[in-house]
Amino acid sequence: MAKALPKKANFSEWYSEILSMAGIVDVRYPIKGLCVWHPFGLVLKNKVYLILRSLLDVDHQEALFPLLIPETEFMKEAEHIKGFEEEVYWVTKGGTTHLDVPLALRPTSETAIYPMFKLWIRSHADLPLKMYQIVNTFRYETKHTRPLIRVREITSFKEAHTAHATWEAAEKQVYEAVRIYSKFYDRLAIPHIITKRPNWDKFPGADYSIAVDTLMPDGKTLQIGTIHHLGSNFAKTFDITYEDVNGEQQYVHQTCYGISERCIAAVIAIHGDDKGLVFPPEVAPIQVVVIPIPFGEGKDVLEASKRVHKMLSDAGFRVALDDSDERPGAKFYKWEMKGVPLRIEVGPRDLKSNSVTLVRRDTSEKTSIPVPDLVPAINQKLKDIHANLCVRAKKSFDERVVECATLSEVKTAVKKGIAKVNWCGDEQCGIKMEEGTGADVLGELAQTKKGKCPVCGKKTDTVVLMARTY
RNA sequence: GGGGUUGUAGGGUAGUCUGGUCCAUCCUAUAGCGUUCGGGACGCUGUGACCUGAGUUCAAAUCUCAGCAACCCCA
């Protein structure tokens with residue numbers, strides 16, 4: 001028997017094994033925190049980012065800014081530098097020549113983009129300006145790195161940057177970004193929760209930050225998106241102004257919001273099971289695999305399999321025919337591990353009745369489908385699979401979100417998931433809550449509920465989420 | 001941030017304590033051939049490794065130091 005995948009209950013081990021066994025990434029690249037996307041993993045990534053692009057392309061323009069940022073620009077925004085200074089890679093030499101101005105490898109691109117915004121924005125007619133780019137960014141992570149989750153090169157950072165005439169218009173964009181991200185994760189069947197990060201945890205240089213978190217199988221939360229209201233902080237630093245209708249110069253108000261390949265980690269971690277990957281059909285690199293079950297010479301079966309393959313391919317499905325000479329059982333295991341949503345078995349029994357056997361990855365349900373009905377049947381099954389993944393993931397998520405009134409309740413809840421607890425809003429209390437439970441305050445929920453702060457006992461309506469985080 | 005452990009074929013390991021027996025063991029992978037094939041087949045014949053550098057020594061996978069990398073624990 002081939003090497004077995006560890007059970008998903010041992011999540012850490014399962015996660016790193018499946019990445020390598022299924023061919024998502026290879027972590028053996030000889031620099032800490034960097035890894036290589038395998039072709040199969042890259043197709044997955046591209047399918048996922050296609051969704052993200054389609055949601056943004058409605059009213060954002062895609063651009064591409066350079067990787068290097070001169071120290072002189074990077075150092076302009078004081079809070080921003082402080083937030084990143086320990087994590088920046090610096091280029092200090094060109095060949096053998098020492099550079100007078102060191103160049104930063106972007107840890108994020110505000111300081112690359114905003115000097116250009118200054119040149120581009122002249123009048124209120126130029127606003128709002130909404131741009132995004134999908135690029136690699138570098139952060140010298142000192143904590144333990146983990147593929148797709150905590151890396152030193154983020155290979156696929158989608159960062160959007162917008163500029164608006166007023167603070168209120170920028171805030172409206174924040175809500176719009178929340179809506180876009182929420183829709184994105186719905187398409188991936190990833191349950192998620194939106195909070196406003198506490199002040200001590202906001203993006204360096206922002207007025208406030210909103211975060212999208214999901215819950216991993218081991219009970220830790222994963223931040224899978226952030227949205228920042230930058231106010232006019234960067235506008236003042238980079239002198240980004242526009243002429244308003246009265247002919248006066250005003251600072252712009254900005255937002256930025258980002259999603260990284262952590263979204264891929266979430267898809268893998270949340271939908272996968274003991275047999276391997278499970279993909280929502282929309283992003284599955286292969287949606288249907290056709291497996292011939294030969295007998296004797298096996299020519300008839302193979303011919304029939306080829307016809308099925310062509311029919312599905314012509315119908316627009318991403319379909320593979322596995323006519324290698326492994327045994328059928330070995331093929332079943334292999335394609336299940338790779339997360340293919342539907343398997344079609346074509347064998348002598350099927351041939352006799354001009355039908356095929358259709359097997360779902362998520363439920364293992366088997367059905368016999370007459371060949372003429374195959375295309376509509378597959379369309380329906382793929383829809384059913386997506387719906388089932390949504391329901392299944394949501395259930396597992398909801399079961400692990402627990403309302404708590406005391407710190408000891410929080411401490412118990414965060415062993416398995418997320419604790420909901422009241423908070424008076426005082427930073428000192430927030431820090432005590434973190435210290436007392438070993439968990440982090442994710443942020444405030446928009447919904448309120450009457451209660452008391454578990455530290456000072458003050459009455460409050462504010463509810464925060466707490467969890468152990470990645 | 002602090003502490004610890006480890007590095008041997010594509011992956012997992014034995015050998016390291018006590019230097020020579022080791023052109024290195026086993027499982028897996030992989031190539032060829034044959035028998036197989038409705039849930040991880042089997043036989044035969046092959047392929048393939050001691051992290052990098054320096055040191056100690058007649059002799060280093062084995063001992064020492066440094067680097068790089070991986071993992072674990074604590075804050």
Side-chain angles (χ1 to χ4, degrees), chain A residues 1-7 10-36 38-41 85-87 89 140-153 218 220 273-277 289-302 304-305 308 321-340 342-369 431-432 434-440 468-470:
Chain A
M1 197 175 86
K3 190 180 171 194
L5 184 68
K7 295 279 182 198
N10 186 352
F11 175 67
S12 198
E13 208 177 308
W14 177 92
Y15 179 72
S16 54
E17 274 302 319
I18 194 65
L19 288 178
S20 121
M21 286 174 77
I24 304 291
V25 292
D26 197 322
V27 300
R28 291 172 300 176
Y29 191 78
I31 298 178
K32 180 182 167 72
L34 273 58
C35 65
V36 178
H38 275 300
F40 182 76
E85 65 180 348
E86 289 304 323
E87 304 187 357
Y89 280 94
Y140 187 75
E141 292 288 351
T142 50
K143 283 192 192 167
H144 189 234
T145 58
R146 198 183 292 270
L148 309 187
I149 291 177
R150 185 176 297 279
V151 290
R152 286 186 172 177
E153 180 191 12
D218 59 356
K220 290 190 196 171
D273 62 20
D274 284 348
K275 291 180 183 174
L277 299 171
V289 60
V290 181
I291 298 183
I293 312 292
F295 66 106
E297 290 279 297
K299 274 197 182 137
D300 294 344
V301 164
L302 190 59
S305 302
V308 169
L321 170 67
D322 188 350
D323 58 359
S324 68
D325 46 10
E326 276 174 302
R327 295 157 64 93
K331 294 181 187 179
F332 297 165
Y333 279 97
K334 173 177 157 189
W335 294 108
E336 278 168 354
M337 186 180 66
K338 285 187 162 262
V340 178
L342 285 174
R343 175 174 83 233
I344 290 176
E345 300 173 18
V346 182
R349 289 206 296 269
D350 305 293
L351 222 54
K352 255 182 234 164
S353 57
N354 191 33
S355 58
V356 298
T357 303
L358 195 58
V359 186
R360 273 173 69 160
R361 172 64 179 86
D362 59 333
T363 58
S364 305
E365 173 205 44
K366 277 193 183 188
T367 15
S368 181
I369 308 282
I431 289 167
K432 276 184 191 153
E434 291 189 340
E435 283 170 356
T437 57
D440 292 332
R468 285 147 53 232
T469 60
Y470 264 100

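Below, chains carry the letters A, B, ... as their sequence lines are ordered, and counting in each starts from 1.
Comparing the P positions of B:G34 and B:U28 gives an interatomic distance of 23 Å, to the nearest angstrom. A distance of about 43 Å separates the P atoms of B:G2 and B:A24, rounded to the whole Å. The separation of B:A29 from B:U13, taken at their C1' atoms, amounts to 14 Å, rounded to a whole angstrom. Taking atom P in both B:G15 and B:U56, the straight-line distance is 29 Å, to the nearest Å. The separation of B:A49 from B:A54, taken at their C1' atoms, amounts to 23 Å, rounded to a whole angstrom. As rounded to the nearest Å, B:A14 and B:G55 have P atoms that lie 31 Å from one another. Across B:C50 and B:C23, the matching C1' atoms stand 13 Å from one another, rounded to whole Å. Only the C1' atoms considered, B:U5 is 40 Å distant from B:A41, to the nearest whole Å.
Taking atom CD of residue A:Glu17 and atom P of nucleotide B:G12, one finds them 8 Å apart after rounding to whole Å. Rounded to whole Å, the distance from CG on A:Asp323 to P on B:C37 is 19 Å. As rounded to whole Å, 11 Å separates atom C1' of B:U28 from atom CE of A:Met21. B:G11 atom C1' lies 14 Å from atom CG of A:Leu5, rounded to whole Å. Between the CD atom of A:Glu141 and the P atom of B:A70 there is a distance of 13 Å, rounded to whole Å. Rounding to whole angstrom units, CZ of residue A:Arg343 and P of B:G40 are separated by 12 Å. At whole-Å resolution of the value, NE2 in A:His144 and C1' in B:C71 are 6 Å apart. Between the CG atom of A:Asp26 and the P atom of B:A29 there is a distance of 19 Å, rounded to whole Å.
With 3.5 Å as the limit, one finds no donor-acceptor pair spanning the side chains of A:Arg349 and A:Thr357.
Minimum atom distance to the side chain of A:Thr357 is reached by B:G38, of the listed B:G39, B:C37, B:G38. With B:G39, B:A70, B:A41 as the candidates, the nucleotide lying closest to the side chain of A:Arg327 is B:A41.
In terms of heavy-atom proximity, A:Leu5 sits nearest to A:Lys275 at CD2-C, 3.8 Å. For A:Tyr140 against A:Arg152, the heavy-atom pair with the smallest separation is CE1-NH1, 3.3 Å. Scanning both residues, A:Pro292 and A:Asp322, for their nearest heavy atoms gives CD-O, 3.2 Å.
A donor-acceptor contact under 3.5 Å is not formed by the side chain of A:Glu345 with the base of B:G39. Between the base of B:G1 and the side chain of A:Thr142 there is no donor-acceptor pair shorter than 3.5 Å. The base of B:G11 is not paired with the side chain of A:Arg28 by any donor and acceptor separated by under 3.5 Å.
Checking B:A70 for Watson-Crick or G-U wobble geometry (two distances, each under 3.5 Å) identifies B:U5 as its partner. The pairing partner recorded for B:A61 is none, the criterion being a Watson-Crick or G-U wobble arrangement whose two distances lie under 3.5 angstrom. Using N1 to N3 plus N6-O4 or O6-N4 for Watson-Crick, or N1-O2 and O6-N3 for G-U wobble, each under 3.5 Å, B:U56 pairs with nothing. Using N1 to N3 plus N6-O4 or O6-N4 for Watson-Crick, or N1-O2 and O6-N3 for G-U wobble, each under 3.5 Å, B:A31 pairs with B:U45.
A stacked arrangement is not assigned to A:Phe332 and the six-membered base ring of B:G39, the conditions of a centre distance below 5.5 Å and an interplanar angle below 30° not being jointly met.
Put simply, CD on A:Glu345 and CD1 on A:Ile293 are 5.0 Å apart, with the number rounded to the nearest 0.5 Å. Separation of atoms CZ (A:Arg361) and CG (A:Leu342) is listed at 11.5 Å; rounding is to 0.5 Å.
Heavy-atom nearest nucleotides on RNA chain B were determined for A:Ile293 and for A:Lys143, and the one closer to the 5' end corresponds to A:Ile293.
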*Step-by-step side chain to side chain donor-acceptor pair (under 3.5 Å) determination, A:Arg28 to A:Ser20*: CA-CA 10 Å; A:Arg28 291 172 300 176; A:Ser20 121; over 6 Å; no

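Looking at heavy-atom distances under 4.0 Å, A:Gly438 makes no contact with the nucleic acid at all. Looking at heavy-atom distances under 4.0 Å, A:Arg146 makes no contact with the nucleic acid at all. Base engagement by A:Asp350 is indicated by at least one non-hydrogen atom pair under 4.0 Å involving a base atom. Here A:Glu336 lies in heavy-atom contact (under 4.0 Å) with a base.
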